Structures are given as C-alpha cells and as structure tokens.
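Right, one structure below, let's go through it.
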Amino acid sequence: MENDKPSGLIMIFGATGDLANRKLFPSIYRLFQKGKLNKFAVVGVARRPLTNEQFQENVKESLSDIAGGQDHAEEFASHFYYHSHDVTSSESYIQLKDIAGKLDAQYGLLGNRIFYLAMAPEFFGTIAEQIKAQGLSDTAGYKRLVIEKPFGHSFESAKELNEKIRTAFSEEEIYRIDHYLGKEMVQNIEVIRFSNAIFEPLWNSRYISNIQVTSSETLGVEERGRYYENSGALRDMVQNHLLQMVALLAMEPPIRLTDDEVRSEKVRALRSLRPVAKDEVKNYFVRGQYGPGSAGGKELPAYRDEHNVDSVSNTETFVAGKLLIDNFRWAGVPFYIRTGKRLEAKSTAIVVQFKDIPMNLYYGAEQVLNPNLLVIHIQPDEGITLHLNAKKAGKDIETTPITLTVSNNSIDRINTPEAYEKLLFDSMRGDATNFTHWDEVALSWKFVDSISEAWETEKDSSFPNYPSGSKGPECASELLKKDGHFWWPIEKLETGG
Ligand code: BG6
C-alpha cells in the first residue's frame, strides 16, 4: 500500500446523481473530518449546467444528515468544482483535462487521479476511451478507474465492457466496487476465519453441515423499475454481493493478506463452484416475485404495479439457491443463498451450521440438542453469535441452548466508517483487496448466466408468489427441505445488543 494519508484529484462522473449525493460526498467528508486525506480536490462531472457555487451548495446539503455535518462544511465544499459535461464530446474532455491540470497545481495533488464512474454503465466504455484519447490519464501520479455496478448484464456484455475500459486502464488500475466488500462484518469474515484457532480447523466438510447466506430487504424496487426489469434479483444481488460473500466463506487461507493473494484465493473458490446446467436449474434455484401486501399498517403494491414495470413482468424479486463447491474442503456441503425485496425484515446474516455430534448422550425426554451455529450478523445488527448447548441450572442434568454474543451495536456507530468511505479511501491509497478483480466478475457471470437463460426461456406462471411484507415464497423452504435442512430464522438470531 502506498500511503496512509493519500492525496489526489477525484473526478466524479454522475456528480448530480443519487449515489454521489447520498454516499460519495458524505464519505469524502468523513475522510476529511477524520484528517485521513492529505491534499484533495473533487471535480463533479455531469450534464446539467451548474456553477461551482451551486455544486458546492449541493455538496453541503448532502451533509445535512451527518452528525457534525456542519463542522468545516464551507471549507470542505471549497475543494469541490463542477464541469458541465457532454459524455461524447472530445472538446468537453479537453476542458476537463485543463481543469484537472489547474487543480493539480493549485492543490499540489502530485498528478494523482481517481476517475469515479457513478452513472449509467452504457457510457463507461466511451468515457474510458475519451479519458485516454484526450490525455486525461497522462499524468505524473497514479490514475485509477473506480467503477460502479452493474458491470455488464451477462458474461458476454461484461467482457465487452471490460475490453473497452482496458484500453485506457490496466487491470491493476481498475477498482470495481462491490459495496458489500466495504461492510464492516463482511470484512470480518476473513478475520474470524483466519485468526481463530477454534474455527479454521472445523471449517470444512467434516464439521460443517451447511452454510446459509441471507440478504433480505424490506424496500421494493422503488424508482429503479427500468433498471430492475432487465436485471432481477439474480443479476442485481446474487452475481455480485452474494457470490462475493460465498467466496470469502469458502476460500482457502491466502498466503498473505495482499490484494493479489486474497483475490486469487477468491477466484479459486469461484472456479470450484459447480455449474448449474440449464435443465437442472429447478433443482438448485427457485425464484419469486412480490405481490401486493402490507407492512407496518401500510398497503404495498405488487411488483407488477410499480413504476416502469411491465404489468405481466416475469422478473424475479427473490432468489434462493443451493451452491455446491467441488473441492476437497467443501465436497458435499451445501451453501444456501437467498435474497429478496419486500420481505418482512431488512437483514443480512450468515449462518454456519455445524454437524451434529456423533452421539447424543442427552437424548431422551424433550432433550433435543441444537446444532452449533456460528452466526455472522452483517446488518442492521453487526456482530457474531455462537450457539452452544449447556446445562440448565438445577438438580437434573438437562441441556439448554445458550449463546455467546459480541455485538457492535453498542459501539458508537457514528465513528464506524461506512462502506463507501472505506472503499474510496482504499482506492486512493492503492489497496484493491476489497474490489472485484475481472476474473471474479467473469466467473460469477458465467455461473449466473445459465440460470438466467433458463429463467428467461421458462416463465414462472406462479408469479406473483409471495405477498409484500412476508418471508418470501414457499418454494425457498422446499429447496432446503429436500436436503433435510431448513432456513434458520435470522430475525430470531439477532444479537440483541
Ligand atoms: C444494490 C442493489 O447493489 O444493493 C440494490 O442494486 C439493493 O437493489 C442494494 O437494494 C442492497 O444494499 P444494502 O447495503 O442495503 O444491503
């Protein structure tokens, strides 16, 4: 890693958009407030005509929800400049180059440049090509491209996009964001595994029965109907966030914690995923779409009635699947994943279920031993719970389930960095560990493609098959029942912290 207090010019393409306002400006502000940046300036780039002053006002407004967001807001916003941009015009890039050069000199940024693409992916290729053609990337310092999802729509389209951006940036200079990799407890998966003698020896098919990864949302598709219709939960969540969590859970210990080593172990884990043939999809994956329902006394519309959604849409808003990893460590251990919108709770958690002990000495009247579980709570709770069995206090030998919990909830959350804050900082100091390498993206798309192809050819006549505000479709439970398993109710496994 280069520098613990980096300097650089951040150019945000899509600077008037939602992501810039909700996540990026506040994240840069937090880094600024904590004194983590040495010298920096930001150029907001977007189509809308705005003056620097108007843009700076937007930036200040975006800080209004942050604790202490008024402190030094003026000074912070004075680092922000605006360029009204036409994505396809060479002239516009030449002007941008000029602005970048001036800010470089004015702030002493050493020619370091981050190009952050927070906008519609159809322009990614054009922007990268123009950055190169107009010499914006000829700079004395580092040049890095930070790119948001969706990274393609299938393996083929992702490859095409990758080839375009590779004309201007090398793989080492491309930072593909998967914001789950910036989450505190997702980053903790590796630490829990690789720093505890009590877990790693058990982390294999001899001791683990199955692993369950759930990411459930209460929100519906909101204003993103147009995008979501072409995506669905499989492309929106499984291809990236869920497979990334699976890779972190399944990978071998890296030789050391450098970005190359960690990412190559994740690649190996993804390479071991057993592909699901098109005619076998129904044995491994199920889908759902939300119908009308209610939550908290509020009536909620069906997916098909959302804005910009086809009234007979076949897009899935829920996916559950069983993954098998064909290597020595994991042969025969199912990794179950599920994700969906408009479910009863917003919650992301991983449940590692250990195998039963060989013989239950306490078997008898009502004394069913619970399997040991390690639960990693990712959000909204952050923490770890270990579920064990112990003796119930009293004269008889009776067992009772107990839990050991560590919860981050009691820690002052204000100071816990947000995912984007960490990722932006990492991109500025050249640490790519928590960004996805092209090989990971390619393997994930290849895995997902056969499932989406099967689903596109075979419509699901049961849609909508779960009411908004519910636990999701019944078929998700059946998927596990076939294997003699069930979904652990993660809402009941909360840390309680
Ligand atoms: C995004 C998806 O990548 O992740 C959204 O496009 C989804 O559809 C979001 O809502 C979930 O993120 P989080 O951090 O709220 O779990």
Side-chain angles (χ1 to χ4, degrees), residues 14 17-20 22-24 26-27 65 116-121 124 146-153 158 175-189 213-246 248 287-290 295 300 303 306-309 313 315-319 337-350 376-382 408 413 416-424 434-436 440-441 444-445 448 452 468 472 490-491 494:
D18 198 46
L19 181 77
R22 278 193 315 116
K23 301 285 184 191
L24 304 184
S27 297
D65 288 345
Y116 198 122
L117 308 193
M119 58 188 301
F124 289 174
V146 181
I147 193 164
E148 279 289 332
K149 68 177 274 260
F151 198 87
H153 179 257
Y175 288 65
R176 298 179 195 80
I177 295 249
D178 182 314
H179 78 283
Y180 267 56
L181 297 182
K183 291 187 192 283
E184 188 62 24
M185 291 307 293
V186 173
Q187 296 190 347
N188 216 332
I189 296 173
V213 181
T214 302
S215 184
S216 78
E217 296 189 74
T218 48
L219 288 181
V221 71
E222 308 292 289
E223 294 309 309
R224 297 161 75 220
R226 201 185 303 277
Y227 152 77
Y228 202 82
E229 274 288 86
N230 289 314
S231 157
L234 187 67
R235 294 187 177 99
D236 187 47
M237 293 290 290
V238 175
Q239 183 272 336
N240 37 68
H241 312 321
L242 274 85
L243 287 182
Q244 281 294 319
M245 289 191 279
V246 168
L248 288 167
R287 52 186 157 160
Q289 186 192 74
Y290 62 83
L300 300 168
Y303 174 68
E306 301 274 21
H307 188 52
N308 283 331
V309 169
S313 173
T315 301
E316 78 287 351
T317 60
F318 178 99
V319 175
I337 56 170
R338 66 180 161 161
T339 182
K341 293 205 179 282
R342 279 274 190 255
L343 295 171
E344 109 194 309
K346 166 83 182 165
S347 177
T348 304
I350 294 162
I376 303 175
H377 307 271
I378 291 169
Q379 62 185 19
D381 276 6
E382 290 186 357
N408 279 1
R413 277 271 184 92
T416 314
E418 274 212 39
Y420 273 96
E421 180 185 338
K422 286 195 252 181
L423 295 176
L424 251 167
N434 291 311
F435 295 82
T436 43
E440 297 170 71
V441 176
S444 308
W445 274 125
V448 155
S452 45
S468 288
I490 55 169
E491 65 288 356
E494 298 289 86

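Atoms within each ligand, like the ligands themselves, are counted from 1 in listed order. Fair warning: this is a prediction, and the values are worked out from it, not measured in the lab.
A distance of 11.0 Å separates CZ of Arg22 from CG of Asp65, quoted to the nearest 0.5 Å. With rounding to the nearest 0.5 angstrom, the OG1 atom of Thr218 is 7.0 Å from the NZ atom of Lys346.
Residue contact check: Asp236 has heavy atoms under 4.0 Å from atoms 2 (C), 5 (C), 6 (O), 8 (O) of ligand 1. Of all atoms in ligand 1, listed by their number and element, those nearer than 4.0 Å to a heavy atom of Arg224 are 2 (C), 5 (C), 6 (O), 8 (O). Within ligand 1, the atoms closer than 4.0 Å to a non-hydrogen atom of Lys341 are 5 (C), 7 (C), 8 (O), 10 (O), numbered from 1 in the order shown.
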Legend entry - salt bridge (Lys or Arg N to Asp or Glu O under 4.0 Å) assessment of Glu184 paired with Lys422: CA-CA 9 Å; Glu184 188 62 24; Lys422 286 195 252 181; 2.8 Å; yes
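For the residue pair Glu229 and Ser313, a side-chain donor N or O sits within less than 3.5 Å of a side-chain acceptor on the partner.
Relative ring orientation between Tyr180 and His241 is described as parallel, the plane-to-plane angle staying below 30° on a 0-90° scale split at 30° and 60°.
Distances from atom 12 (O) of ligand 1 to the heavy atoms of Lys149, His179, His241 put His179 nearest.
Residue contacts with ligand 1, taken as heavy atom pairs separated by less than 4.0 Å, involve Tyr180 solely via side-chain atoms from C-beta onward.
The single protein non-hydrogen atom nearest to atom 14 (O) of ligand 1 is Lys183 NZ, 2.6 Å, given as residue, atom name and distance. In this structure, atom 11 (C) of ligand 1 lies nearest to the protein heavy atom Glu217 OE1, 3.9 Å. Atom 13 (P) of ligand 1 has its closest protein heavy atom at Lys346 NZ, 3.5 Å.
With sequence neighbours left out, Asn240 forms a side-chain contact (heavy atoms from CB on, under 4.5 Å) with Lys149, Asp178.
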